[in-house]
Asker: 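Dropping the structure in here first, questions after.
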Amino acid sequence: MTLFNIEAEVIEGARDTGERLSACVLARSRLDAAILGERMLDSLLPRQRTQYCHAVSIEPVSSAPAAMAVAA
């Protein structure tokens, strides 16, 4: 398992709102991290019927001690 930093854009209908959200997730792969991050961030949106998040950056957290501290 790896800790990933996810950056996502908020989409409303078919348009980018310009708003960006980020989250850290623990996942097995970049794809799993993107899916988990999008689901988590989607739940924070006020208009869930018309808004959703789209991951635009999925980066593993580089420092092992920080990753271990968050995972613990």
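Since this is a predicted model, take the numbers as computed values, not measurements.
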Asker: Could you pull out the closest heavy-atom pair between D16 and E19, with the gap in Å?
Answerer: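 Minimum heavy-atom contact is OD1-N, 4.4 Å.
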
Asker: Quick check on side chain to side chain contact (heavy atoms under 4.5 Å, CB included): which of L41, D42, I35 does R39 satisfy it with?
Answerer: I35

Asker: As a quick check of understanding, evaluate side chain to side chain contact (heavy atoms under 4.5 Å, CB included) for M40 and V25, giving each step before the final call.
Answerer: CA-CA 9 Å; M40 185 174 71; V25 296; 4.0 Å; yes

Asker: So C53 and L45, side chain to side chain contact (heavy atoms under 4.5 Å, CB included) or not? Walk me through it.
Answerer: CA-CA 9 Å; C53 289; L45 297 175; 4.0 Å; yes

Asker: Which residue pairs satisfy the salt bridge (Lys or Arg N to Asp or Glu O under 4.0 Å) criterion with at least one member in residues 3-13, sequence neighbours excluded?
Answerer: E9-R20, E12-R47

Asker: Going through the checks in order, is the side chain to side chain contact (heavy atoms under 4.5 Å, CB included) test met by E59 and F4?
Answerer: CA-CA 5 Å; E59 296 296 328; F4 291 92; over 6 Å; no

Asker: For the residue pair N5 and C24, what are the closest heavy atoms and their distance?
Answerer: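 Minimum heavy-atom separation between N5 and C24: OD1-SG, 3.9 Å.
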
Asker: Ignoring hydrogens and angles, tell me if any N or O in the side chain of T17 forms a donor-acceptor pair with the backbone of V10 under 3.5 Å.
Answerer: yes

Asker: Between M1 and L36, is there a shared hydrophobic cluster once you connect ILVMFWY residues whose side-chain heavy atoms come closer than 4.5 Å?
Answerer: no

Asker: Using a 3.5 Å distance criterion without hydrogens, assess whether the side chain of R30 forms a donor-acceptor pair with backbone atoms of I58.
Answerer: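 Checked: pair present.
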
Asker: Could you grab the distance from atom CG of L3 to atom CG of L26, nearest 0.5 Å is fine?
Answerer: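 Nearest 0.5 Å value for the CG-CG distance: 6.0 Å.
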
